[in-house]
Amino acid sequence: MFEITDTQKIGVGLAGFGIAFLFLGVLLLFDKALLALGNILFIAGLGCVIGPRRTLSFFFQRHKIRATVAFIGGIIVVMMGWPIVGMIFETYGFVLLFSGFLPVAINFLRRVPILGTFLNMPGISLILDRLAGDSNRTRV
């Protein structure tokens, strides 16, 4: 096992609040202030969890530069006052940045007791298999 530092615990909290503020910002018809605050908290939380150097190396890898430009450009557009356009750019960049992590996250969520039952339902399972890119998954 590995030990989780206090900085990483704070980072998880910041990222969680960032996601919550982003969700509320979208729910409240793309509120600019909530979206901007959610973006700042999410990036600060990510930096605390994996560290500043690894965060910069994650975002500025050569093959992820288009995704990084879209993600950071979307954040800037949201802060300039165009939340819908900014969130479209940001979502595109987020999907490109974290698409490699998506199969791991989906398989983890399938093992969560109540959520896993829902995610393993026939129609939803087929959609998640396509998203995860795992066409011949073994069921547990």
For this session: For L27 and F23, run side-chain contact (heavy atoms from CB on, under 4.5 Å): C-alpha distance rounded to whole Å, both residues' side-chain angles, the deciding distance at 0.1 Å, then the answer.
Result: CA-CA 6 Å; L27 196 65; F23 179 72; 4.1 Å; yes
For this session: In sequence, state the C-alpha distance, the side-chain angles, and the governing distance for C48 and K9, and then conclude on side-chain contact (heavy atoms from CB on, under 4.5 Å).
Result: CA-CA 8 Å; C48 287; K9 292 176 188 176; over 6 Å; no
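Connectivity analysis of hydrophobic side chains (ILVMFWY, heavy atoms under 4.5 Å, direct or indirect) links F30 to L22, V26, L35, V78, I84, M87, I88.
Here the closest heavy-atom approach between residue L28 and residue L34 is recorded as CD1-CD1, 3.7 Å. The shortest heavy-atom contact between Q8 and E3 is OE1-O, 4.0 Å. Here the closest heavy-atom approach between residue P103 and residue G100 is recorded as CD-O, 3.6 Å.
Residues forming a side-chain contact (heavy atoms from CB on, under 4.5 Å) with F60 (at least two apart in sequence, or on another chain): L56, I65, T68, I72. The side-chain contact (heavy atoms from CB on, under 4.5 Å) test applied to M79 returns A36, I40, I75, not counting sequence neighbours.
By the rule that hydrophobic residues join a cluster once side-chain heavy atoms approach within less than 4.5 Å of another member, L24 and I43 end up as members of separate clusters. The cluster map of Ile, Leu, Val, Met, Phe, Trp and Tyr, joined by side-chain heavy atoms under 4.5 Å apart, puts V12 and V112 in different clusters. With hydrophobic clusters built from ILVMFWY side chains whose heavy atoms lie under 4.5 angstrom apart, I10 shares a cluster with F21. Follow the hydrophobic side-chain contacts under 4.5 Å out from V95 and you never reach F59; the two are in separate clusters. By the rule that hydrophobic residues join a cluster once side-chain heavy atoms approach within less than 4.5 Å of another member, I76 and F71 end up as members of one cluster.
Residue pairs that meet the ring pair (Phe, Tyr, Trp, His ring centres under 6.0 Å) test with at least one member in residues 74-100, sequence neighbours left out, are F58-F98, F94-F98. The list of side-chain hydrogen bond (donor to acceptor under 3.5 Å, both in side chains) pairs with a residue in residues 44-63, not counting sequence neighbours, reads Q61-H63. Listed by first then second residue, pairs satisfying side-chain hydrogen bond (donor to acceptor under 3.5 Å, both in side chains) with a partner in residues 32-43 read N39-E90, not counting sequence neighbours.
Using modelled atom types, one side-chain atom of R111 and one backbone atom of N107 make a donor-acceptor pair closer than 3.5 Å. Side chain of R110 to main chain of S125: a donor-acceptor pair is present (N/O by atom type, distance under 3.5 Å, no hydrogens or angles).
The distance from atom CD1 of I124 to atom CG of L128, rounded to the nearest 0.5 Å, is 7.5 Å. Rounding to the nearest 0.5 Å gives a distance of 11.5 Å between CD1 of I19 and CG of L14.
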